[in-house]
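Here is the structure we will look at, set down as structure tokens.
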Amino acid sequence: QVQLVESGGGSVQVGGSLRLSCAVSGGSLSTYTIGWFRQAPGKGREYVAAVRRGGGGTYHANSVKGRFTASKDNAKNTVYLQMDSLDSGDTAVYYCAAGARIILSSIAREDAYDYWGQGTQVTVSS
């Protein structure tokens with residue numbers, strides 16, 4: 001059973017930065033694509049970024065491109081989301097998720113992922 005644990009959330013002012021971590025156990029990053037999603041109060045879950053399994057690349061939603069950077073450390077079996085130039089619209093609970101057989105065209109779909117973490121809160125205030 002794959003388990004994912006997010007950490008690194010917190011409160012930050014507009015323009016600040018945070019780095020989220022997603023520690024993966026029970027599965028390898030060579031096998032699983034890891035996605036980042038977020039859910040703001042009263043809204044649906046939104047795709048943010050993904051790191052494809054093995055030697056695959058990283059992908060970012062247009063809403064965060066140039067501000068957020070997803071990466072991974074295979075030795076630590078951990079995926080990161082570096083978030084810079086944060087604004088109030090980034091306030092949300094951030095989740096990481098894992099999927100073993102995700103094709104590129106499905107990478108932003110929630111239902112492509114099999115396992116989810118519990119989420120970590122990010123609050124951006126002015």
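Just so you know, residue 1 is the first one in the sequence shown, and it goes up from there.
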Do you know the tightest heavy-atom contact between [X] and [Y]?
X: Val64; Y: His60; result: CG2-CB, 4.2 Å
X: Gly9; Y: Leu20; result: N-CD2, 3.6 Å
X: Ser21; Y: Thr78; result: CB-CG2, 4.2 Å
X: Ala70; Y: Thr58; result: O-CG2, 3.5 Å
X: Lys72; Y: Val79; result: CB-CG2, 4.0 Å
X: Gly99; Y: Tyr113; result: N-CD2, 3.8 Å

Side-chain donor/acceptor of [X] to backbone N/O of [Y], under 3.5 Å:
X: Thr91; Y: Val124; answer: yes
X: Thr33; Y: Arg53; answer: yes
X: Ser30; Y: Ser28; answer: no
X: Tyr59; Y: Val48; answer: no
X: Asn77; Y: Gly27; answer: yes
X: Glu6; Y: Thr120; answer: no
X: Gln3; Y: Gly26; answer: no

Drop me the distance from [X]'s [atom1] to [Y]'s [atom2], to the nearest 0.5 angstrom.
X: Leu81; Y: Cys22; atom1: CG; atom2: SG; result: 10.0 Å
X: Arg52; Y: Leu29; atom1: CZ; atom2: CG; result: 14.0 Å
X: Ser7; Y: Arg19; atom1: OG; atom2: CZ; result: 9.0 Å

So do the side chains of [X] and [Y] get within less than 4.5 Å of each other, counting heavy atoms only?
X: Asp84; Y: Gln82; value: yes
X: Arg38; Y: Ser63; value: yes
X: Leu86; Y: Phe68; value: yes
X: Arg67; Y: Asp87; value: yes
X: Arg109; Y: Tyr47; value: no
X: Val51; Y: Trp36; value: no
X: Val24; Y: Tyr32; value: no

Problem set entry | Cation-pi check, Arg45 onto Tyr95 ring (under 6.0 Å, within 45° of axis) |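 Output yes; distance and angle both within limits.
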Linking I/L/V/M/F/W/Y whenever any side-chain heavy atoms sit under 4.5 Å apart, do [X] and [Y] land together?
X: Tyr115; Y: Tyr80; result: no
X: Met83; Y: Val12; result: yes
X: Val122; Y: Leu4; result: yes

Problem set entry | salt bridge (Lys or Arg N to Asp or Glu O under 4.0 Å) partners of Arg101, counting only residues at least two apart |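 Checked Arg101 against salt bridge (Lys or Arg N to Asp or Glu O under 4.0 Å); zero matches.
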Exercise. Do the two ring centres, one from Phe37 and one from Trp116, sit under 6.0 Å apart?
Worked result: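 That pair passes the under 6.0 Å test.
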